[in-house]
Amino acid sequence: ATETRTNDNMSLPDSIIETSRPVRIDNFSNHYRMMSADSDFRFSEEFEELKHVGRDQPCTFADLPCNRPKNRFTNILPYDHSRFKLQPVDDEEGSDYINANYVPGYNSPREFLVTQGPLHSTRDDFWRMVWESNSRAIIMLTRCVEKGREKCDHYWPYDTMPVYYGDISVQILNESRYPDWNISEFMLCRGDQQRVTRHFHFTTWPDFGVPNPPHILIRFVRAFRERVSPDQKPIVVHCSAGVGRSGTFICLDRILQQILVSDYVDIFGIVYAMRKERVWMVQTEQQYICIHQCLLAVLEGKELKIKY
Ligand SMILES: CNC(=O)[C@H](Cc1ccc(NS(=O)(=O)O)cc1)NC(=O)[C@H](Cc1ccc(O)cc1)NC(=O)OC(C)(C)C
């Protein structure tokens with residue numbers, strides 16, 4: 001097998017280079033400088049290498065006529081092999097379907113359940129997924145309406161009165177508001193069972209873009225991780241399509257844990273692994289570069305010091 005030398009003189013078999021490109025943490029600042037030179041030329045090159053990853057995998061259930069209306073976007077469909085399956089209802093065709101995939105995180109190969117922003121018509125399915133997956137945390141990375149367009153249904157109550165979504169009752173217990181996010185606790189009830197589920201809502205992340213300043217995303221990931229332990233899984237993550245902002249968040253969460261225990265960080269490999277499970281995870285080159293900028297800020301001790 002042929003070998004390739006990486007930027008910091010590591011020799012890796014070509015078969016590995018295609019799926020991972022680890023960078024020594026003590027060389028990351030040089031790596032960033034090299035990748036961003038000539039108007040981010042090597043970032044563009046590397047991001048382009050990810051374009052087709054996973055795209056040969058089938059999405060047959062998403063394409064069934066009974067399921068097509070359950071997809072927010074025609075081009076964002078869940079791969080069959082990693083999709084979340086709802087408990088089927090009687091013999092109702094498609095009753096096990098939701099636009100959601102398991103995606104690996106630092107703590108588990110199925111740490112995250114990544115989904116689209118619920119539609120009004122699929123919000124009962126969304127709550128069924130939260131309940132049936134035993135998830136205790138929901139990360140929301142979009143506003144419900146952005147630039148006059150509906151990006152996500154307001155799938156939770158507007159006040160503290162409990163609301164039924166199918167056979168699941170949801171009640172807001174408390175809400176803490178911060179400049180760029182809100183953190184709430186919901187009481188979920190199904191039959192005689194009760195569970196508390198946290199809701200982390202980032203409210204200032206523009207679609208197809210990055211937070212301003214990008215480093216604020218580090219503070220949000222830390223605010224989330226301070227409240228949710230590594231053994232709590234799966235964690236439900238969504239934006240509008242459940243690919244761009246969701247993939248960026250998961251990648252940053254993963255590297256912030258990895259750098260505590262490893263001499264290497266592999267952003268290319270993390271995005272590669274995510275895209276094998278869900279299409280377009282980390283959708284834009286700007287988001288891909290933002291992940292590197294956030295890591296650089298952390299390594300150089302420049303992450304935003306504003307206390308929330
Ligand atoms: C570039 N925009 C898109 O691809 C969005 C889906 C999408 C992806 C990612 C995000 N950002 S997010 O993941 O961070 O929420 C929002 C929306 N898709 C649509 O708008 C698609 C059109 C499209 C665009 C690009 C493409 O390659 C193929 C088809 N439109 C579409 O699905 O139209 C409906 C909603 C009327 C059914």
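Counting starts at 1 for both ligands and their atoms, following the listed order. For reference, positions follow the sequence shown, starting with 1. Values below: all heavy atoms of this structure, side chains included; hydrogens, waters and symmetry mates excluded.
- Here the protein heavy atom with the shortest distance to atom 20 (O) of ligand 1 is F73 CD2, 3.8 Å.
- Of the protein's non-hydrogen atoms, the one nearest atom 35 (C) of ligand 1 is R72 O, 3.3 Å.
- Atoms of ligand 1 lying under 4.0 Å from at least one heavy atom of C239, given by number and element, are 12 (S), 13 (O), 14 (O), 15 (O).
- A cation-pi arrangement, defined by a distance under 6.0 Å to the six-membered ring centre and an angle within 45 degrees of its axis, is absent between R123 and Y165.
- Qualifying side chain to side chain donor-acceptor pair (under 3.5 Å) partners for H201, counting only residues two or more places apart in sequence or in other chains: none.
- In terms of protein heavy-atom proximity, atom 7 (C) of ligand 1 is closest to A241 CB, 3.6 Å.
- Close approach of ligand 1 to Q283 (heavy-atom distance below 4.0 Å) involves ligand atoms 1 (C), 8 (C), 9 (C), 10 (C), 11 (N).
- At least one heavy atom of W280 sits less than 4.0 Å from an atom of ligand 1.
- Among protein heavy atoms, atom 12 (S) of ligand 1 sits closest to D207 OD1, 3.5 Å.
- Screening E45, M35, E46, E285 for a side-chain contact (heavy atoms from CB on, under 4.5 Å) involving D40 leaves a single residue, E285.
- Remark: minimum distance from atom 13 (O) of ligand 1 to any protein heavy atom is reached at G244 N, 2.8 Å.
- Because its NZ or CZ atom is not both nearer than 6.0 Å to the ring centre of F200 and within 45° of the ring axis, R227 does not count as a cation-pi partner of that residue.
- Taking the six-membered ring where the residue is Trp, F112 and F249 present perpendicular rings, their angle passing 60° and hence far from 30°.
- Numbered from 1 in the order shown, with element, the atoms of ligand 1 that lie under 4.0 Å from a heavy atom of G242 read 13 (O).
- Listed by atom number, the atoms of ligand 1 under 4.0 Å from V243 heavy atoms are 9 (C), 13 (O).
- The protein atom (non-hydrogen) at minimum distance from atom 27 (O) of ligand 1 is N75 ND2, 3.7 Å.
- In this structure, the protein non-hydrogen atom closest to atom 32 (O) of ligand 1 is T74 N, 2.9 Å.
- Using cut-offs of 30° and 60° for the angle between ring planes, the F202 and F220 rings count as perpendicular.
- Classification of the Y178-W181 ring pair by plane angle, with boundaries at 30° and 60°, yields tilted.
- Residue Y97 forms a side chain to side chain donor-acceptor pair (under 3.5 Å) with just one option from T122, D125, N71, and that option is N71.
- Contact atoms of ligand 1 toward S240: 15 (O) (distance under 4.0 Å to a heavy atom of the residue).
- Using cut-offs of 30° and 60° for the angle between ring planes, the H292 and F28 rings count as parallel.
- Where the criterion is an N or O separation shorter than 3.5 Å, residue side chain and backbone included, F208 fails it with respect to ligand 1.
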